[in-house]
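To start, the structure itself, in structure tokens.
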2 protein chains.
Amino acid sequence: MPKSKRLMELMMTVNRKRRFKVQELADEFGVSKRTILRDLQELSELGVPLYSEVGPHGGYQVVRERVLPPIAFTEEEAVAMFFAVHALRHYSSLPFEAESASALSKFYLHMPGDVRDRIDGMKHRVDFVTPTRRGDAPCLSVLLDAAVKQRVLLIEYESKDEEESRRRIQPVCLYAHNGFWYCNAYCFLREGFRVFRCDRIRRAEPDADAKPLDLGDVRLSRRFAAEPREPVRLRAELSRAGVQRCEGELWLAPLLRVREDGSGLIDGGVPRGELPFFAEFFIGLGSEARLIEPAELKTEIRRRLAEMLERYA
Amino acid sequence: MPKSKRLMELMMTVNRKRRFKVQELADEFGVSKRTILRDLQELSELGVPLYSEVGPHGGYQVVRERVLPPIAFTEEEAVAMFFAVHALRHYSSLPFEAESASALSKFYLHMPGDVRDRIDGMKHRVDFVTPTRRGDAPCLSVLLDAAVKQRVLLIEYESKDEEESRRRIQPVCLYAHNGFWYCNAYCFLREGFRVFRCDRIRRAEPDADAKPLDLGDVRLSRRFAAEPREPVRLRAELSRAGVQRCEGELWLAPLLRVREDGSGLIDGGVPRGELPFFAEFFIGLGSEARLIEPAELKTEIRRRLAEMLERYA
DNA sequence: ATAATGGTGACAGAACATGTCATCAACCCA
DNA sequence: TGGGTTGATGACATGTTCTGTCACCATTAT
């Protein structure tokens with residue numbers, strides 16, 4: 001086998017088995033220990049973070065992150081990666097922030113000057129508008145990791161009404177909406193699914209003792225929702241423009257039905273406690289929505305409208 | 001020079017000068033033509049898209065995109081790239097869509113199985129909510145390109161009121177907001193800066209004849225705005241919650257002032273034609289905003305509130 | 001102490017890369 | 001048409017690099 005190919009395969013092998021001995025690889029590749037040693041040194045020079053210990057039970061290790069074999073990207077692909085990461089820059093906290101930065105700087109370093117200019121030019125010409133929020137969400141990575149691996153976390157949460165509580169949760173998924181990060185999770189304290197705002201989670205750490213539930217295929221599906229307490233049936237007709245505005249609201253998705261002609265309707269149970277919120281929401285929709293029930297929501301809306309009329313008198 | 005190094009340098013050289021002859025490179029690297037030919041063949045096999053023509057004035061070319069020298073990424077960096085691109089998936093049209101996809105598939109191919117699993121797991125666990133809109137914006141790449149290079153485009157635009165028009169524009173910047181793409185541009189027809197919704201731009205092609213203006217440092221700055229026709233002074237007080245909601249609205253940014261305590265005010269000129277829109281907006285803000293002037297906006301708001309009261313009676 | 005492990009240097013021989021040459025095939029231009 | 005330019009390919013001797021072997025050192029767990 002030519003040396004170049006061997007180096008590639010060596011890199012892959014080394015990444016697969018994170019610990020190994022020189023003799024092992026020598027046998028595997030059918031070359032001498034000496035050659036493997038020389039190869040490993042070259043890999044080191046190429047950036048693979050190798051670490052070795054002598055003595056019995058010693059051996060080589062790939063330290064920290066494993067490395068992918070070198071990949072040749074086209075300039076356009078590199079630009080696309082810049083674009084994608086650039087698009088997210090308004091999110092104050094993101095998982096993988098450091099990693100994106102280091103990946104981009106690798107691209108940047110290997111790029112000829114004119115492509116750099118192109119990218120620098122683009123940075124000022126394109127943007128994704130997202131409301132910038134003050135709140136940092138320091139625990140995002142922990143939450144995401146727990147969601148992927150389905151582990152239980154012990155968190156300190158400061159809820160809307162500023163009560164602080166400690167509870168065990170098992171994250172299901174994370175989503176960013178309107179500048180905030182939210183986490184859908186099973187809450188062992190409330191014994192049901194709840195949504196947490198990530199910037200209100202002060203601390204989060206894995207709870208190794210707690211047994212995770214089998215949440216099977218509960219995932220990102222938007223139909224995921226807590227069973228409301230004291231449910232009230234909400235029904236409303238939406239014009240086409242009304243549908244468009246409602247489609248942007250994640251929490252509304254389970255209730256929303258869109259007809260072929262673009263109009264639609266809202267139908268489903270909502271917790272009675274949320275009625276004030278819905279009042280505001282329907283006022284915002286103006287004449288794009290026609291509320292059918294519940295009557296008490298109509299009353300609330302009338303009350304607010306009257307109040308506003310007075311303010312604007 | 002060892003062969004491996006020579007191949008690297010050859011790749012860079014070949015990328016710099018997009019057209020070259022074998023003899024040139026042979027002289028430059030101090031090896032024979034035969035060797036260069038063999039090397040070029042290897043580069044080809046490594047994925048560099050080379051194309052050659054025989055005969056006088058023939059020679060080699062790097063076809064289509066140029067290729068970066070192979071870069072070794074860590075697994076975490078690859079995952080970060082997946083994350084960034086995944087975040088954008090709800091945008092139905094994006095510049096560099098194809099390129100992102102091909103870059104990701106390169107990462108994916110070179111990844112050991114467990115990382116693939118991790119990424120596949122993550123895909124269902126994290127999301128960025130953006131309203132999905134129906135309208136495609138087929139011309140995004142052209143617009144972005146024109147913005148970066150400051151070229152004039154000839155576009156067919158279908159404005160709100162469904163009039164179709166052809167006009168020359170010089171794009172300044174692009175931004176995505178709330179699921180739609182917008183393009184700030186100087187409009188030669190209206191002789192001023194205008195904002196175009198990209199999905200309403202049916203066609204766009206470079207107009208080589210037209211002389212671009214020197215728009216110098218007009219860039220993404222949010223303060224960029226057309227001088228309103230028939231300006232009317234708009235003033236309003238905002239509570240803290242009101243400020244938070246207004247911060248999400250790009251078009252409002254030039255008028256918005258935030259105080260230290262989190263409250264704020266809106267102050268500035270707006271076109272009279274936009275008043276109906278503002279009426280709706282202020283109704284949506286409910287009691288989080290207190291409108292000071294203009295009086296005619298107050299009247300309009302009262303009218304709408306009364307109308308809604310009637311609807312909800 | 002002993003054995004297991006990594007690390008280094010020297011050197012002959014094996015494997016590979018290179019240069020030279022010959023030949024062919026397109027293609028342009030006069 | 002013919003001569004010049006350029007790429008493409010094969011053969012082979014030669015030169016360079018890579019590899020295996022061996023000898024030896026250093027470190028450390030048992």
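Because the structure is a prediction, the values reported are computed rather than measured.
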Residue set satisfying side-chain hydrogen bond (donor to acceptor under 3.5 Å, both in side chains) with B/R66, at least two apart, ordered chain then number -> A/E75, A/D114
Side chain to side chain contact (heavy atoms under 4.5 Å, CB included) involving B/A78 - partner list, sequence neighbours excluded = A/L68, B/F107, B/M111
Excluding sequence neighbours, so at least two apart, what forms side-chain hydrogen bond (donor to acceptor under 3.5 Å, both in side chains) with B/S32?
-> B/T35
Contact letters for nucleotides 6-13 of chain C, in which S counts primed atoms plus P, OP1 and OP2 and B counts the base, heavy atoms under 4.0 Å = SSBBB---
C/dA17 P sits how many Å from B/M1 CE, rounded?
-> 16 Å
Taking only residues two or more places apart in sequence, or in another chain, which ones meet A/K3 in a side chain to side chain contact (heavy atoms under 4.5 Å, CB included)?
-> A/R6, A/L7, A/D39, A/E42
Is the backbone of B/S141 close enough, under 3.5 Å, to the side chain of B/D145 for a donor and an acceptor to pair up by distance?
-> no
Atom OH of B/Y51 and atom C1' of D/dT6 are separated, to the nearest Å, by 13 Å
With sequence neighbours excluded, what pairs up with A/F188 under the ring-ring contact (aromatic ring centres under 6.0 Å, His included) test?
-> A/Y186
Partners of B/E76 by side-chain hydrogen bond (donor to acceptor under 3.5 Å, both in side chains), sequence neighbours excluded?
-> B/R118
Starting at CG of B/L25 and ending at P of C/dT18, how long is that distance when rounded to a whole Å?
-> 14 Å
Round to a whole Å and report the spacing from CG of A/D39 to C1' of D/dT17.
-> 13 Å
Residues of residues 2-11 of chain A with a heavy atom under 4.0 Å from any atom of DNA chain D, listed by number, are A/K3, A/R6
Determine to 10° how strongly the helix from C/dA1-D/dT30 to C/dA30-D/dT1 is bent, judged from the axes of its five-pair ends.
-> 30°
Not counting sequence neighbours, which residues clear ring-ring contact (aromatic ring centres under 6.0 Å, His included) with B/F196? List them please.
-> B/Y157
Output all residues satisfying side chain to side chain contact (heavy atoms under 4.5 Å, CB included) with A/E156, sequence neighbours left out; order by chain, then residue number.
-> A/E164, A/R166, A/R202, A/R203
Taking only residues two or more places apart in sequence, or in another chain, which ones meet B/K106 in a side-chain hydrogen bond (donor to acceptor under 3.5 Å, both in side chains)?
-> A/E77
May I ask you to evaluate whether B/S32 reaches the phosphate of C/dG19, defined as a side-chain N or O under 4.0 Å from OP1 or OP2?
-> yes
Within 45° of the ring axis of A/Y108 and under 6.0 Å from its six-membered ring centre, is that where the NZ or CZ of A/R116 lies?
-> yes
